[in-house]
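Each chain gets a letter, A, B and so on, in the order its sequence line appears, and its residues count up from 1.
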Protein chains: 2
Amino acid sequence: MLDRILSPSRKQPLSRRTTSTTAADEIRKKIFDGELRDGQPIRQDILAAELGISRTPIREALVQLEAEGLVRSEPHKGAVVAGLSPTEIEETFELRELLEPMLLKTSAPRLTEEDFAELASILKEYSGELRTRNVRRWGELNTAFHATLYARADRPQTQAMVARLLNSSDRYTRLQLVMTKGLRRAEAEHALIVDYCRKGQFDQAVDLLRAHIHHVKTELMRYVTKANKPKAGAGRK
Amino acid sequence: MLDRILSPSRKQPLSRRTTSTTAADEIRKKIFDGELRDGQPIRQDILAAELGISRTPIREALVQLEAEGLVRSEPHKGAVVAGLSPTEIEETFELRELLEPMLLKTSAPRLTEEDFAELASILKEYSGELRTRNVRRWGELNTAFHATLYARADRPQTQAMVARLLNSSDRYTRLQLVMTKGLRRAEAEHALIVDYCRKGQFDQAVDLLRAHIHHVKTELMRYVTKANKPKAGAGRK
DNA sequence: AGATTGGATATTGTATCCAATCTTCCACCA
DNA sequence: TGGTGGAAGATTGGATACAATATCCAATCT
């Protein structure tokens, strides 16, 4: 279930999965894991060799990842991992601030027991990981939490957009989680949002969600701009 | 200029354009023109032969078009033109209702003389085409008008999203333009929005834009649901 | 008759090969 | 010394060849 949320292309029953979607998943994973860093060139040859396949499916995977915003490529020059500039980070979170409350408003009243169980399980692992400092996992859980909240919104296009936003901002959200008490605060707010949903206090859940995203944005922007990391988002034309 | 708006992939100076992006443009055009209808299978062989190229760039183009929402493909089965179900049409317009006013709010105060000239030129052609009943062109102009309005919003991701929404809903917007007095009303509202922007009455421009999109949605939904065209959006699993 | 299996055909998916473009770096010259 | 031109290598883009899968239809069985 978590897998399905995190890897957008894993909808097929695995038997009929194609090599290029597998390649896309692998590359996406490398980017999340930091094995491929922002602005770093992605060599088709090397990836093909690593995955034991030819370059053809790699190329198709890169087209898909570019559409997801994880990769930027220029003709005859190749693809690089797409970092987000501070401005782009801000825009991403503003979009989330706009779209996610809309989704929660529709989804919250329809959440099933299974959904709440899923959410509880995510939050539980989240709390457990508090001391492991497994940063990647934090980001994954954060993304999965939000995506699960909106599972019943019944707005596939919007959900896809939000999933894409969550994916492309994931690496930066982790920054915010690591510094300050971001993780603790997120833990508390996440739990409270679920509580509100359970109790039927949907408006309060929605308001808190909006405030939650807004707060993460503010903290993250302060960190990103003050800590003068102008190299983020480099490698652009 | 118009071309750049309507064909998302035409950002490169044409010299270094790649065969697959050309293919994507051609296929997109075929879909807009109705040469490829909703739900109709897209055969790689045939397209390749028509365009005088091999299947490789066709396949990459299809991946891109799928990300744009114009095409749906299943492994080993092939791609079909992606029609929007009434529900999906409604969702698309709700997203536009949310995103476009946001863009206009930022963009309107920064519109330059060139932008106004561009808008005027679009509106002029729009009026001229009123009697030609060149339906395709109406849709193009409508999309170009909206995209130009947001040119100065300086929010590339949001603009890209809206461009995608405009593209995928284009064929349906034309329905609304053709029936009723949609075209006349759109003409008037478009002109008024530009007027408000020129006069610095930005809030009113934004409000009118929102109302404009809302109205089109309402009319279109009435048409789509009442005229029982349940085949729209067919060809899905 | 209706369902089912097997194979022929059509279509997509992947690998391999060749062409086009970019990058690097060194020789050469002002 | 510093810049310029231009091969040589590296890398991507596209075409072709081959493999895998799906679809269709006829023959067979119940």
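Contacts of residues 44-55 of chain A with DNA chain C (heavy atom under 4.0 Å): Ile53(A), Ser54(A).
Listed by chain and number, the residues in a salt bridge (charged side-chain N to carboxylate O under 4.0 Å, His left out) with Lys29(B) are Asp33(B) (sequence neighbours excluded). For the side chain to side chain donor-acceptor pair (under 3.5 Å) test, no residue two or more places apart in sequence or in another chain qualifies with Ser169(B). Residues passing the salt bridge (charged side-chain N to carboxylate O under 4.0 Å, His left out) test with Glu97(A), sequence neighbours excluded: Lys217(A). For the salt bridge (charged side-chain N to carboxylate O under 4.0 Å, His left out) test, no residue two or more places apart in sequence or in another chain qualifies with Glu114(A). Checked against side chain to side chain donor-acceptor pair (under 3.5 Å), Lys30(B) has the following partners two or more places apart in sequence or in another chain: Glu35(B), Glu50(B). Qualifying side-chain contact (heavy atoms from CB on, under 4.5 Å) partners for Thr158(A), counting only residues two or more places apart in sequence or in other chains: Leu99(A), Leu103(A), Arg155(A), Glu91(B), Leu95(B). Residues forming a side-chain contact (heavy atoms from CB on, under 4.5 Å) with Ala48(B) (at least two apart in sequence, or on another chain): Arg55(B), Ile58(B). Shown here are the side-chain contact (heavy atoms from CB on, under 4.5 Å) partners of Asp170(B), two or more places apart in sequence or in another chain: Phe32(B), Thr143(B), Arg174(B).
Which of dT14(C), dG14(D), dT21(D) sits closest to the side chain of Thr19(B) comes down to dG14(D). Nearest nucleotide to the Arg59(A) side chain, out of dT14(C), dT21(D), dG13(D): dG13(D). When each of dT23(D), dG14(D), dG13(C) is scored by its nearest atom to the side-chain atoms of Lys77(B), the top-ranked nucleotide is dT23(D).
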Detail all sub-3.5 Å separations between protein N/O atoms and N/O atoms belonging to nucleotides 7-9 of chain D.
none

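Between Arg43(A) and the phosphate of dT12(D), there is a side-chain N or O to OP1/OP2 separation shorter than 4.0 Å. Between Ser20(B) and the phosphate of dG14(D), there is a side-chain N or O to OP1/OP2 separation shorter than 4.0 Å. Remark: Thr18(B) is in phosphate contact with dG14(D), judged by side-chain N or O atoms under 4.0 Å from OP1 or OP2.
No hydrogens or angles considered: a donor-acceptor pair under 3.5 Å links the side chains of Gln157(A) and Thr92(B). The closest side-chain donor-acceptor pair between Tyr150(A) and Glu100(A) falls under 3.5 angstrom.
Per the geometry, NE2 belonging to His76(B) stands 5 Å off C1' belonging to dT21(D), to the nearest Å. Protein atom CD of Glu74(B) is 17 Å distant from nucleotide atom P of dT11(C), rounded to whole Å. Rounded to whole Å, the distance from CD on Glu60(A) to C1' on dT12(D) is 15 Å. Ile58(B) has its CD1 atom 14 Å from the C1' atom of dT11(C), to the nearest Å.
Residue contacts shown for Leu62(A) are absent, as no nucleic acid heavy atom lies under 4.0 Å away. Within the 4.0 angstrom heavy-atom criterion, base atoms lie near Thr56(B).
Of the charged side-chain nitrogens involved, at least one lies within less than 4.0 Å of a carboxylate oxygen, so that Arg59(A) and Glu60(B) count as a salt-bridged pair.
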Pairs counted only when both distances fall under 3.5 Å, Watson-Crick or G-U: show me the 5' to 3' dot-bracket for DNA chain D, [ ] for pseudoknotted crossings and | for other-strand partners.
||||||||||||||||||||||||||||||
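Pairs of residues two or more places apart, or lying in two chains, that qualify as salt bridge (Lys or Arg N to Asp or Glu O under 4.0 Å) and include a residue from residues 144-154 of chain A are Asp115(A)-Arg152(A).
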